[in-house]
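Following: one structure in structure tokens, then a few remarks.
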Protein chains: 2
Amino acid sequence: MKATRNTTAKTTILEIIKNSAVALSHTEIQTLSHTICDRVTIYRVLDRLVREDIIHKIVNLDGTIKYASCHHAHNEIKHTHNHIHFSCEKCHLVTCLEHVEPTFDLPPNYQVNEVNFTLSGLCPNCL
Amino acid sequence: MKATRNTTAKTTILEIIKNSAVALSHTEIQTLSHTICDRVTIYRVLDRLVREDIIHKIVNLDGTIKYASCHHAHNEIKHTHNHIHFSCEKCHLVTCLEHVEPTFDLPPNYQVNEVNFTLSGLCPNCL
DNA sequence: ATTATTAACGCAACATTGTTGCATTATAAA
DNA sequence: TTTATAATGCAACAATGTTGCGTTAATAAT
């Protein structure tokens, strides 16, 4: 594994994501960062943060991709993001329901590497 | 509800989707249809078919959107697409696992209108 | 503290995907 | 057959994501 560097772009973007209660899209991060860096750099930083398992990717029901920071113990070697995400149709906020992990019975001979559970509807604030 | 017409584009596209064992993207449908109609028409036909509840939309883990025909009894007034979809990382085929419906406990005051469950990994053929 | 290595960046250019307006065509009903 | 309008084709546009390459700057080595 190659060494990864701490740059101002990376720390700023990570700060934005960590300070947000909801998952953010590339465009939202771009707006919040007040063009601290190029649009391309944001894409690259986000990829890096996902690869380093510092943030995780969420696919919304409309296909837009959002990012949220990972809340997990530091000593975990490997963890999964198998919790549910809720996308509100009114306020358009995407939140991680970290404690809601669905159960299901898969047919044999499937190897699962990644999961994405997203619900949409109305969140408690908009209901 | 406005009347909807049966056009050659609509029937051809629906035929393609119905004959496919896996979910198809807009681009895949375009290729399979051998440019029977304009790219824009495909978008509009797909929207129409989703609205009419003849096909359903699946959001893949990479954010790409796929379409699959709905398998449900004709007399059902309303049905949900709460089954799991599996996206194979090797053959890139997206299949509906129609009988796998996950269960989960949502906190109170959430109103769910739509769901999207997608897993990725290796399908039985590629394992 | 200085130098060397190379990860990360900015910029430009491009590719893909999805949307909108409008004139024209064709479906289905009158 | 006529009529209303849903559906289409085309062009233009917008948004999003990718790639190549020369430059900048973070980190390690001296």
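Everything quoted here is computed from the prediction, not taken from an experiment.
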- Message: How bent is the helix from C/dA1-D/dT30 to C/dA30-D/dT1, measuring the angle between the end axes built from five pairs each, rounded to 10°?
- Response: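 Comparing the axis at each end, I get an angle of 40°.
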
- Query: Should A/Leu122 and B/Tyr110 be marked as a side chain to side chain contact (heavy atoms under 4.5 Å, CB included) after you check the CA-CA gap, both sets of side-chain angles, and the distance that decides it?
  - Reply: CA-CA 6 Å; A/Leu122 294 173; B/Tyr110 279 95; over 6 Å; no

- Task: For DNA chain D, determine which residues of residues 8-18 of chain B have any heavy atom closer than 4.0 angstrom to one of its atoms, and list them numerically.
- Result: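 The stretch gives B/Ala9 as the residues lying under 4.0 Å from the strand, ordered by number.
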
- Neighbours of DNA chain D within residues 34-47 of chain A, by heavy-atom distance under 4.0 Å: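 A/Arg39, A/Val40, A/Tyr43, A/Arg44 - these, ordered by number, are the residues of the stretch whose heavy atoms sit under 4.0 Å from the strand.
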
What is the distance from [atom1] of [X] to [atom2] of [N], rounded to the nearest Å?
X	N	atom1	atom2	result
A/His26	C/dT16	NE2	P	19 Å
B/Glu28	C/dG18	CD	P	11 Å
A/Ile65	C/dT16	CD1	C1'	14 Å
A/Arg48	D/dT18	CZ	P	15 Å

If I compare all heavy atoms of [X] with all of [Y], which pair ends up nearest, and what's the gap?
X	Y	answer
A/Val40	A/Asp38	N-OD2, 3.0 Å
B/Cys123	B/Phe86	N-CE2, 3.6 Å
A/Val22	A/Leu93	CG1-CB, 3.8 Å

- Message: Strictly below 4.0 Å, N to O, side chains only: are A/Glu52 and A/Lys10 in salt-bridge contact?
- Response: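 Counted as a salt bridge, because a side-chain N and a carboxylate O are separated by less than 4.0 Å.
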
- Message: Given A/Tyr67, which partner from the list A/Ile58, A/Ile54, A/Leu24, A/Val50 fulfils the side chain to side chain contact (heavy atoms under 4.5 Å, CB included) test?
- Response: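 Testing A/Tyr67 for a side chain to side chain contact (heavy atoms under 4.5 Å, CB included) against A/Ile58, A/Ile54, A/Leu24, A/Val50 leaves exactly one candidate, A/Val50.
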
- Should the heavy atoms of other residues, nucleotides or ligands under 6.0 Å from CG of A/Asp47 be counted, would the total exceed 12?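 Yes.
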
Quick test: give all pairs of protein nitrogen or oxygen and nucleotides 28-30 of chain C nitrogen or oxygen below 3.5 Å, distance rounded to 0.1 Å.
residue: C/dA28; atom: OP1; partner: B/Asn6; partner atom: N; Å: 2.9

- Message: Below the 4.0 Å mark, does C/dT17 have OP1 or OP2 next to a side-chain nitrogen or oxygen of B/Thr27?
- Response: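 Yes, such a contact exists.
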
- Message: Give me each pair satisfying salt bridge (charged side-chain N to carboxylate O under 4.0 Å, His left out) with a member in residues 111-127 of chain B, each pair once, sequence neighbours excluded.
- Response: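 Pairs touching residues 111-127 of chain B that pass the test: none.
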
- Message: Filter on salt bridge (charged side-chain N to carboxylate O under 4.0 Å, His left out), then keep only pairs touching residues 21-37 of chain A, sequence neighbours left out; what's left?
- Response: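 Those involving residues 21-37 of chain A are A/Glu28-A/Lys66.
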
- Task: Could you label the plane-to-plane angle of the A/His83 and A/His56 rings as parallel, tilted or perpendicular, counting under 30° as parallel and over 60° as perpendicular?
- Result: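 Answer is perpendicular, since the angle exceeds 60°.
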
- Can you tell me if A/His99 uses its side chain to pair, donor with acceptor, with the backbone of A/Leu97 under 3.5 Å?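 Answer holds: no.
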
- Message: Under 4.0 Å, heavy atoms only, any strand: does B/Thr64 hit a base, just the sugar-phosphate, or nothing?
- Response: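 Counting heavy atoms under 4.0 Å across all strands, no contact is made by B/Thr64.
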
- A/Phe117 ring center within less than 6.0 Å of A/His85 ring center: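 Centroid separation for A/His85 and A/Phe117: 6.0 Å or greater.
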
- Side-chain donor-acceptor contact under 3.5 Å, B/Thr103 with A/Thr103: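 There is such a pair (donor and acceptor under 3.5 Å, judged by atom type) between the side chains of B/Thr103 and A/Thr103.
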
